[in-house]
There are 2 protein chains.
Amino acid sequence: MSEKVFASAQEVAARAGVSRSAVSRTFTPGASVSAETRRRVLEAAEALGYHVNELARGLMRNESGIVCLIVSDVATPYRSHLLCELTLLLQNAGKVAMLINTDRSNGSVDRALRQAIRYRADASIILSGMPDKSIAQLCLRSGQRLVLINRDDEEPGPLRINLDDYEAAGRIVTAFVRAGCRRLAFANSEAGTPSLMARERGFVAAASALGIEVFVERHGWTGYEAGKAIAQRMLTRAERPDAVFCATDLLACGFMDTARHQFALSVPNQLCLAGFDDIEQASWSSYNLTTFAQPVSAIASKAVEWLSHPQPEDDSTSQGQSIRLHAELVWRGSIRGG
Amino acid sequence: MSEKVFASAQEVAARAGVSRSAVSRTFTPGASVSAETRRRVLEAAEALGYHVNELARGLMRNESGIVCLIVSDVATPYRSHLLCELTLLLQNAGKVAMLINTDRSNGSVDRALRQAIRYRADASIILSGMPDKSIAQLCLRSGQRLVLINRDDEEPGPLRINLDDYEAAGRIVTAFVRAGCRRLAFANSEAGTPSLMARERGFVAAASALGIEVFVERHGWTGYEAGKAIAQRMLTRAERPDAVFCATDLLACGFMDTARHQFALSVPNQLCLAGFDDIEQASWSSYNLTTFAQPVSAIASKAVEWLSHPQPEDDSTSQGQSIRLHAELVWRGSIRGG
DNA sequence: CGCAAGTTTGCACGCGATTGCAGAGATCGA
DNA sequence: TCGATCTCTGCAATCGCGTGCAAACTTGCG
């Protein structure tokens, strides 16, 4: 890694018999170079195996082309799906994605953002966890764009993309009731992220409006295992629920498996279930889960679009923009009727 | 992105009343600075919100700290798991991961590697797809480390990490036969990657050694849907197989679902199944799939270890190293007996 | 106190690029 | 033929940092 290995613009210039500036201009779209010069430069570059050094370019331009993706639980279906979509769009926009994996410990998002700053990332997209306000401020002050996905929050400055979690949760109550269910329950994790809590509140509120009280259980992390554990508890209660809304598809899968294989309950005949995210597994025929679809592509494209276009921040306070997307109900077979 | 926003080492030096070199040395581990100077520098840095510019540093050091991860099908369980593990280890090693998604475009691995070169990545880890030989050569010549995971290939130079796919496939034949199965089949995708083909060859060979002919079907991409489609075809044949080895867990899940829900077959009573990868879903109780575990952590740590340590390339020909890891059979409930 | 050895520190150069500025040609109309 | 205008091109400054080298300072010991 120590010996010099790459041809520099200098050497290309020498070989092509032009100045270094000419080389630079050849590789800068929209710069003024004559066709002849350009040809000779390209030829020399090819011969020498020249590749623009983005580090140096970023240094001068004050724009690295790097976008940081800050995310925990990368291996989770929903997260990896979003990640996939984002990287694809970023690449198309001529940016490059730097992936920072945060665990759930606190302070790890801050470390990630600091890393982003050190590489002078043009922007950061936060898929999980919340940055400390001071760090977020630092990012913003330093001209870095910040996008928060599904982290509803009043932090000023960044772009915030959220779903209508609250309303969606209300809609599923209707579906449950229409299916004849009366003993409603909500399965949540202890994570307590804004979107999860919004789903819970929306569900409870809508049920309450119909005079139904919801049994809420929060347990563990937002995964399959937690779903099993919650089912374990809920289904052994005297007053067993006949409809459960799980805050997440993973929870729902775990719940359904335990309900069927351990309690021999038939879904949806004896128990109605719904989830949220519409991960791939929800459509697998073993689950066939009715759920809400995260508009992953829309989320990703909104984010990238906002990063690419010098967004209209003429808005006086530069208070940041907030986008609210719709989570569509995907009707499958885990609720009666339909 | 245009106005200058960050404090430079220069300004920190001024505020601390020292030279710029002192600042630089303070942030360079192992450099010679007195405790007093260091303190004043750190204080000034804190006050000014100074953060080392890794772009500039990388420029000087000829070592960016960037490692490129080149991968397709990011949203797939196995890939995202590996990705997760890799980024975590890279971060611990003080490197940073640049994610390049090679979906939906051909020649994209080459473009990706070129991108890696332009950012002067210290190394690239290729999880999918094969680079053009000439590009790979370019990477190597330019001092970039190259790691190929599960792309068995005789390309010289890089580190190659592979599993004992061939032997593993042989072991599952034994298990099937012991369970009393005689009509063996192999479900593969058309992808034809080295590891998939090795599994197929190993399976066919081991069966053939026992005088059993294997029915092989290749179809579609390596996912759930392909598994369903293959099951559809295989199970409508006159001579229906009683044991199927799927090249991938995703294929196996699709296969199992179709076998059960559409052909009303009982697994493992009427049909034995096995997969490969040990994705999370394989352990879900709806599938409870017997499969081979990819040693994901081991793969990741081998890769990162090799990148971090100036590996012993004193090996005369610098022919590249090849690591072969063991895929352990995880026995669950989709094969009779055990 | 004097000198050798060791520790810090500052200077100045280089890394590989972009870009404002001004000069050199080229084109064109009168 | 002569400016005037326009297109190219090279010069040199700059971005933020690392590091060899030599000067300055500190320390220890006789």
Side-chain angles (χ1 to χ4, degrees), chain A residues 1-41 44-45 48-66 117-122 142-143, chain B residues 1-41 44-45 48-66 117-122 142-143:
Chain A
M1 219 71 54
S2 45
E3 339 90 38
K4 75 148 58 171
V5 281
F6 281 106
S8 69
Q10 189 71 264
E11 308 174 43
V12 175
R15 188 181 226 270
V18 298
S19 78
R20 219 197 20 253
S21 332
V23 177
S24 187
R25 290 191 175 105
T26 300
F27 290 100
T28 303
S32 149
V33 216
S34 73
E36 170 61 9
T37 313
R38 167 182 226 87
R39 197 189 55 70
R40 292 171 58 188
V41 168
L48 266 53
Y50 171 76
H51 293 263
V52 176
N53 186 332
E54 293 287 347
L55 270 51
R57 171 177 276 182
L59 195 55
M60 268 301 306
R61 285 228 187 122
N62 245 3
E63 188 177 332
S64 61
I66 296 176
I117 288 181
R118 288 180 18 203
Y119 275 94
R120 297 302 189 264
D122 297 340
S142 60
Chain B
M1 220 70 54
S2 46
E3 338 89 37
K4 73 149 61 170
V5 279
F6 281 106
S8 69
Q10 190 71 263
E11 307 174 43
V12 175
R15 188 180 224 272
V18 298
S19 81
R20 210 179 46 69
S21 332
V23 177
S24 188
R25 291 190 173 104
T26 300
F27 290 100
T28 302
S32 151
V33 216
S34 72
E36 170 61 9
T37 312
R38 169 182 224 85
R39 197 189 55 69
R40 292 170 57 187
V41 169
L48 267 53
Y50 171 75
H51 291 264
V52 176
N53 186 332
E54 293 287 348
L55 270 52
R57 171 176 276 183
L59 197 53
M60 270 301 308
R61 286 226 186 121
N62 242 4
E63 188 177 331
S64 60
I66 296 175
I117 288 181
R118 287 181 14 200
Y119 276 93
R120 298 301 189 262
D122 297 339
S142 60

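Just so it is clear, the structure is predicted and the values come from calculations on it, not from any experiment. A note on names: the letters A, B, ... follow the listed sequences, proteins ahead of strands, and every chain is numbered from 1.
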request  = Could you check which of D:dG10, C:dT19, C:dA17 has an atom nearest any side-chain atom of A:Arg61?
outcome  =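 Output: C:dT19.
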query = Where the side chain of B:Arg20 is defined as all heavy atoms beyond and including C-beta, which of C:dC15, C:dA12, D:dC15 is the nearest nucleotide?
reply =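 Of all the options, the side chain of B:Arg20 is nearest to C:dA12.
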Separation of [X] atom [atom1] from [N] atom [atom2], in whole Å?
| X | N | atom1 | atom2 | answer |
| --- | --- | --- | --- | --- |
| B:Leu59 | C:dG14 | CG | C1' | 9 Å |
| B:Asn62 | C:dG14 | CG | P | 16 Å |
| A:Asn53 | D:dC17 | CG | P | 16 Å |
| B:Gln10 | C:dC11 | CD | P | 10 Å |
| A:Tyr119 | D:dC17 | OH | P | 14 Å |
| A:Phe27 | C:dT19 | CZ | P | 15 Å |
| B:Leu55 | C:dT18 | CG | P | 13 Å |
| B:Met60 | C:dA17 | CE | P | 15 Å |

Write down the atom of [X], the atom of [Y], and the distance for their closest heavy-atom approach.
| X | Y | answer |
| --- | --- | --- |
| A:Ile66 | B:Tyr119 | CG1-CE2, 3.9 Å |
| B:Val23 | B:Val18 | CG2-CG2, 4.3 Å |
| A:Val52 | B:Arg120 | O-NH1, 3.5 Å |

message = Over all strands shown, is A:Ser34 touching base, sugar-phosphate only, or nothing at heavy-atom distances under 4.0 angstrom?
response =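 If one applies the 4.0 Å heavy-atom cut-off, A:Ser34 turns out to touch the sugar-phosphate alone, with no base involved.
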query = Counting any heavy atom closer than 4.0 Å, what does B:Val23 reach on the DNA or RNA strands: base, sugar-phosphate only, or nothing?
reply =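 No contact.
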message = Pairing donors with acceptors under 3.5 angstrom, does anything connect the side chains of A:Thr37 and A:Ser34?
response =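 Their side chains do contain a donor-acceptor pair, which is all the 3.5 Å distance test asks for.
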ask   = Which distance, rounded to the nearest 0.5 Å, do you find between the CG of B:Leu55 and the CG of A:Asn62?
value =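 One finds 10.0 Å between CG of B:Leu55 and CG of A:Asn62.
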Below 4.0 Å: OP1/OP2 of [N] and any side-chain N or O of [X]:
| X | N | value |
| --- | --- | --- |
| B:Thr37 | C:dT9 | yes |
| B:Ser24 | D:dG18 | yes |
| B:Arg57 | D:dG18 | yes |
| B:Tyr50 | D:dC17 | yes |
| A:Thr28 | C:dT18 | yes |
| B:Ser32 | C:dT8 | yes |

query = Would you say the side chain of A:Ser21 and the base of D:dC11 hold a donor-acceptor pair, judged only by whether the two atoms sit under 3.5 Å apart?
reply =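 Pair found.
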request  = Assign each of B:Arg25 and A:Ala7 to its nearest nucleotide of DNA chain C by heavy atoms, then name whichever residue's nucleotide is nearer the 5' end.
outcome  =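 Comparing both residues, the 5'-ward one is B:Arg25.
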